[in-house]
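First listed ligand is number 1; within each ligand, the first listed atom is number 1. Position 1 is the first residue of the sequence, and the numbers go up from there.
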Amino acid sequence: MNSRIDDVKLIDIPKIVDPKGRGNLSVIEKEIIPFSIKRVYYLYDVPSDSYRGGHAHKKLIQFMIPLSGSFEVSLDDGKKRKKIMLNKPNKGLLIPQGIWREMDNFSSGAICLVLASEEFDESDYFREYDRFKQFKLT
Ligand code: TYD
């Protein structure tokens with residue numbers, strides 16, 4: 001829970017470019033991310049004026065990939081904030097536990113793939129910013 005904004009990392013996902021010009025293939029193997037995947041989910045058909053997220057996790061670590069299109073991720077560790085645009089399917093964002101995040105500015109057709117270190121557990125969420133901030137600062 002004591003993660004800081006600098007612990008959020010953009011990670012290159014290896015890209016295999018087809019020598020005959022048939023497109024690219026990217027692969028995520030266990031060396032790329034520092035957790036075992038327990039769950040995969042994805043956001044899609046998000047209206048361009050909507051936002052997702054608006055919470056932090058106590059234990060869960062995520063690796064977020066813009067499989068298609070683009071969106072912005074706003075990150076907050078209780079003290080510092082940072083905004084990152086995700087728009088390359090071979091660059092993912094590692095978000096450790098204890099980081100508040102919001103995603104917005106979804107482009108048309110954007111798909112946000114999330115690899116998660118834990119199964120779904122509502123009690124792992126901070127959904128109120130003030131409670132999150134209080135927890136981080138104490
Ligand atoms: P939430 O994590 O709040 O989504 P987002 O951060 O994208 O806005 O989840 C939205 C709803 O979906 C919430 O009611 C919980 C439910 N949900 C599941 O049932 N299982 C899951 O694996 C996830 C990620 C969400």
>> Check this for me: does any side-chain nitrogen of one of E118 and K38 sit under 4.0 Å from a carboxylate oxygen of the other?
In response: yes
> In Å and rounded to the nearest 0.5 Å, what is the CD1 to CG distance from I61 to D7?
Replying inline: 10.5 Å
>> To the nearest 0.5 Å, what is the distance between NZ on K136 and CD1 on I99?
In response: 5.0 Å
> How would you list, by chain and number, every residue that makes a side chain to side chain donor-acceptor pair (under 3.5 Å) with Y44, sequence neighbours excluded?
Replying inline: none
Ligand 1: protein N/O within less than 3.5 Å of ligand N/O:
from     : atom 1 : to   : atom 2 : distance (Å)
ligand 1 : 2 (O)  : Y125 : OH     : 2.6
ligand 1 : 3 (O)  : R127 : NH1    : 2.9
ligand 1 : 3 (O)  : R127 : NH2    : 3.2
ligand 1 : 6 (O)  : G53  : N      : 3.1
ligand 1 : 6 (O)  : H55  : NE2    : 2.7
ligand 1 : 7 (O)  : R52  : NE     : 3.2
ligand 1 : 7 (O)  : R52  : NH2    : 3.3
ligand 1 : 8 (O)  : R52  : NE     : 3.1
ligand 1 : 8 (O)  : R52  : NH2    : 3.4
ligand 1 : 8 (O)  : G53  : N      : 3.0
ligand 1 : 22 (O) : R39  : NH1    : 2.3

> Should we count CG of D18 as having more than 12 external heavy atoms under 6.0 Å?
Replying inline: yes
> Is D76 salt-bridged to R81, going by a charged N under 4.0 Å from an acidic O?
Replying inline: yes
